[in-house]
Engineer: 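What follows is a structure written as structure tokens; I'll ask about it next.
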There are 2 protein chains.
Amino acid sequence: MVSIEDVARRAGVSTATVSRALSGNGRVSAAAHQKVTEAATALDYVVSSSASSLASGRTKNVGLMVPYLTRWFFTSVVEGAQQALMRHGYDVTLYNLSGSVAERESVFDVFLQRQRIDGIITVSLKLSGTEVERLHAFGKPVVGVGGPIDGVRTLTLDDDAVSSIATSHLLALGHTRIAHIGGSEDFDLEFHIPTNRRHGYEMALRNAGITPRPEYFSTADFTIEGGYHAAKQLLGSPLERPTAIFASSDEMAIGCILAARDLGLVVPRDISIIGIDGHELSEFFGLTTVAQYPEKQGAHAVKILMNLLVPGKHPEIPENTPLGYDLVVRSSTSRPPE
Amino acid sequence: MVSIEDVARRAGVSTATVSRALSGNGRVSAAAHQKVTEAATALDYVVSSSASSLASGRTKNVGLMVPYLTRWFFTSVVEGAQQALMRHGYDVTLYNLSGSVAERESVFDVFLQRQRIDGIITVSLKLSGTEVERLHAFGKPVVGVGGPIDGVRTLTLDDDAVSSIATSHLLALGHTRIAHIGGSEDFDLEFHIPTNRRHGYEMALRNAGITPRPEYFSTADFTIEGGYHAAKQLLGSPLERPTAIFASSDEMAIGCILAARDLGLVVPRDISIIGIDGHELSEFFGLTTVAQYPEKQGAHAVKILMNLLVPGKHPEIPENTPLGYDLVVRSSTSRPPE
DNA sequence: TTGAAAGCGCTAACAT
DNA sequence: ATGTTAGCGCTTTCAA
């Protein structure tokens with residue numbers, strides 16, 4: 001193992017100068033900087049993270065907490081955050097809360113306590129009061145993506161605006177019988193996935209002079225399968241059939257498309273379908289959607305965290321940059337049948 | 001911060017004893033062990049990972065290297081490995097190679113070198129000669145999942161057996177015109193996804209006295225979309241249409257199902273379809289598949305790694321436990337049309 | 001079985 | 001701008 005002393009010796013300076021030159025903390029003459037850099041390169045020197053952490057209290061490591069990994073949104077956020085962190089020289093430690101209760105507890109009681117991370121990014125996490133407490137007691141900066149956490153700076157999509165846009169798109173096409181598949185409440189209890197997109201939908205309808213009909217509202221679990229079953233109910237009922245469905249996620253919307261097909265309905269001729277997400281599968285299915293950009297959200301969270309970690313060193317982030325989203329119109333929506 | 005000294009004082013022993021009692025290295029009397037444990041619990045003491053790493057050279061942290069995250073197989077392996085590692089008290093650092101070339105290099109040159117991990121698990125990684133060298137120079141145990149790496153113990157599905165089973169299932173149903181969608185070579189160049197499942201398919205055919213027809217072979221990129229386009233070609237061609245398709249992945253197989261539907265073909269009446277994976281969507285689509293279990297593969301890799309890390313402490317792993325797989329018959333396969 | 005003490009490799013006062 | 005040096009909190013000889 002090549003140590004800082006080896007570099008110092010080769011560069012003909014003290015270890016302190018090497019440390020300063022390589023870390024960028026403290027002033028070093030150009031000449032010294034040059035010698036140090038050369039020596040370090042020649043020796044393939046990389047600081048030992050444990051030694052550095054122990055001495056400085058900084059770890060150059062950030063924790064990423066997710067409810068689980070096998071969901072497009074979560075993985076995308078993680079991917080975006082991970083790449084951004086790497087660019088800042090940070091490692092990423094993954095905390096997956098999908099295990100047993102005991103395991104989940106140990107994340108808070110043991111893993112977070114061992115001084116391995118400088119900060120945390122939580123993704124769509126629904127935390128208990130105790131967990132939030134422990135998170136704060138941890139004393140390191142925390143940034144959340146998706147779903148508010150008490151006392152934590154969180155990035156959340158403007159659900160009202162997004163669902164209002166989706167609904168308005170259908171209204172503008174001339175639809176009046178618009179159904180909505182939202183998330184079920186008990187789903188929201190486990191991890192935070194917005195179940196409150198219903199509000200924007202109803203507002204948009206009301207603004208258009210339409211009273212939301214309860215029989216046009218249904219809930220599912222955000223998956224293709226869930227959306228499929230909900231849509232079957234909505235479309236198969238002998239009541240006046242809706243001419244459009246707005247689903248709270250692309251996966252559910254894809255489920256709707258498949259359900260419509262199985263019922264012999266043609267999309268969009270007989271039924272228009274719109275989702276929210278910009279899921280990787282949405283293009284293939286020709287799904288109109290309001291795209292959100294989870295990778296960007298992850299990267300954005302990193303920016304904020306970096307500001308908290310090394311104040312002043314990074315460009316200031318406006319306190320509340322809203323998260324971006326775009327209506328992407330494809331072939332699953334059109335004017336309603338005459 | 002509560003330190004080892006606080007615990008030692010409270011327990012009335014030396015820091016050395018505390019260390020021994022808590023780590024399990026070195027003998028400690030039952031009485032001392034008890035006192036230490038109590039004191040540690042009372043004080044909410046958790047060892048500082050950097051201090052411990054610096055002193056011992058062990059980090060209790062394992063690196064997980066993936067080509068990228070947004071693919072069912074990779075995430076599932078990561079999830080399985082992560083949970084298993086947590087149970088052993090190990091943290092997981094995620095190295096995602098999906099970024100730019102420079103970023104990919106920095107993983108090997110910087111991130112791996114900073115002494116933060118005790119070992120590495122690679123997932124479906126295709127590494128250059130230099131990268132493999134660096135990995136070995138790193139001097140820590142490496143275990144691979146999916147795709148062989150020179151000099152690295154790797155877990156790989158028996159592709160021959162798996163594709164032979166899939167093909168045999170179709171043969172046993174009476175199919176003789178069986179097409180195969182494999183992975184494209186250039187896809188394999190980037191990250192390792194088995195493109196050699198063709199062999200088992202052809203062997204099975206030959207054993208049944210059937211000569212593989214080149215026009216029944218096609219390749220795609222393992223996605224739904226790729227499978228869809230390949231299937232359209234296979235099924236839309238004016239040649240004698242195959243009565244069954246064996247796709248190298250469930251996502252491609254799902255693409256086949258959708259393509260068949262769009263062509264007005266009924267699955268399985270007109271065309272039988274089978275995949276490989278046991279993908280989370282396979283059940284919904286009624287897809288017959290040869291399921292593999294990526295979470296288990298991840299957990300299995302951890303077992304092997306633990307043995308390498310702390311030899312003797314964990315149950316011995318037979319040198320070559322084959323990875324499990326199962327034929328799961330659903331509604332996408334049946335006897336061929338008369 | 002236990003304790004004393006010497007580091008592990010680095011950073012950050014402090015002094016120059 | 002640079003060097004000296006005292007720790008950071010733990011593990012691990014070594015001696016008892």
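Letters go in sequence order (proteins before strands), and every chain restarts at 1. Just the heavy atoms: all of them, side chains too, but no hydrogens, waters or symmetry mates, feed the values below.
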Engineer: Picking from D/dC10, D/dG7, D/dT2, which would you name as closest to the side chain of B/I4?
Structural biologist: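 Output: D/dC10.
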Engineer: Among C/dT2, D/dC10, C/dA12, which nucleotide sits nearest the side chain of A/N25?
Structural biologist: C/dA12
Engineer: Please give, in whole Å, the distance from C/dC10 C1' to A/Y45 OH?
Structural biologist: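 These atoms are roughly 7 Å apart.
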Engineer: Consider only side-chain N and O atoms of B/N96 and A/Q83, and report whether a donor and an acceptor are under 3.5 Å apart.
Structural biologist: no
Engineer: Which part of the nucleic acid does A/V18 contact within heavy-atom distance under 4.0 Å: base, sugar-phosphate only, or nothing?
Structural biologist: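 Nothing, no heavy atom under 4.0 Å.
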Engineer: Starting at atom CG of A/L22, determine the distance to atom C1' of C/dG9, rounded to an integer number of angstrom.
Structural biologist: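 Going from CG in A/L22 over to C1' in C/dG9 covers 14 Å.
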Engineer: Find the distance B/L54:CG to C/dT11:P and express it as a whole number of Å.
Structural biologist: 11 Å
Engineer: Take B/S50 and B/A16, find for each the nucleotide of DNA chain D with the closest heavy atom, and name the residue whose nucleotide sits nearer the 5' end.
Structural biologist: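 Going by which nucleotide is closer to the 5' end, it is B/S50.
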Engineer: Counting side-chain heavy atoms from C-beta on, which of D/dA1, C/dT2, D/dC10 comes nearest to A/R27?
Structural biologist: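 Per side-chain heavy atoms of A/R27, the pick is D/dA1.
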Engineer: Among B/V142, B/D118, B/V62, B/I120, exactly one meets side chain to side chain contact (heavy atoms under 4.5 Å, CB included) together with B/L305. Which residue is that?
Structural biologist: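 Running side chain to side chain contact (heavy atoms under 4.5 Å, CB included) over B/V142, B/D118, B/V62, B/I120 with B/L305 returns exactly one hit, B/V62.
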Engineer: Can you tell me the distance, in whole Å, between the CZ atom of B/R9 and the C1' atom of C/dG3?
Structural biologist: 16 Å
Engineer: Taking C-beta and beyond as the side chain, do B/Y90 and B/T59 meet within less than 4.5 Å on heavy atoms?
Structural biologist: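 Side chain of B/Y90 against side chain of B/T59, heavy atoms only: no contact under 4.5 Å found.
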Engineer: Nearest whole Å is fine: how far is D/dA1 C1' from A/Q34 CD?
Structural biologist: 17 Å
Engineer: Of the non-hydrogen atoms in B/M86 and A/F111, which two are nearest, and what is the gap between them?
Structural biologist: CG-CZ, 3.4 Å
Engineer: Just how far, in rounded Å, is C1' of D/dC10 from CE of B/M1?
Structural biologist: 10 Å
Engineer: State whether a side-chain donor-acceptor pair under 3.5 Å links A/S76 with A/E280.
Structural biologist: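 Not at all, the side chains of A/S76 and A/E280 share no donor-acceptor pair under 3.5 Å.
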Engineer: Is a donor-acceptor contact shorter than 3.5 angstrom present between the side chain of A/R114 and the base of D/dG9?
Structural biologist: no
Engineer: Please tell me if B/S29 has a side-chain N or O lying less than 4.0 Å from either OP1 or OP2 of C/dT2.
Structural biologist: yes
Engineer: According to a strict under-4.0 Å criterion, is B/S14 in side-chain N/O contact with OP1 or OP2 of C/dA4?
Structural biologist: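 No, outside the criterion.
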Engineer: Which one, D/dT12, C/dG3, D/dG3, comes nearest to the side chain of B/S19?
Structural biologist: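 Comparing D/dT12, C/dG3, D/dG3 against the side chain of B/S19, the answer is D/dT12.
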Engineer: Which one, D/dC10, D/dT2, D/dT13, comes nearest to the side chain of A/R20?
Structural biologist: D/dT2
Engineer: The side chain of B/R58 lies closest to which of these nucleotides: D/dT5, C/dC10, D/dT12?
Structural biologist: D/dT12
Engineer: Start at the 5' end of DNA chain C and walk down; is the nucleotide closest to B/A32 or to A/S48 reached first?
Structural biologist: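 By nearest-heavy-atom nucleotide position, the 5'-most residue is B/A32.
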Engineer: With nearest nucleotide decided by heavy atoms, which residue, B/S56 or B/H33, maps closer to the 5′ end of DNA chain C?
Structural biologist: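 Closer to the 5' end of DNA chain C: B/H33.
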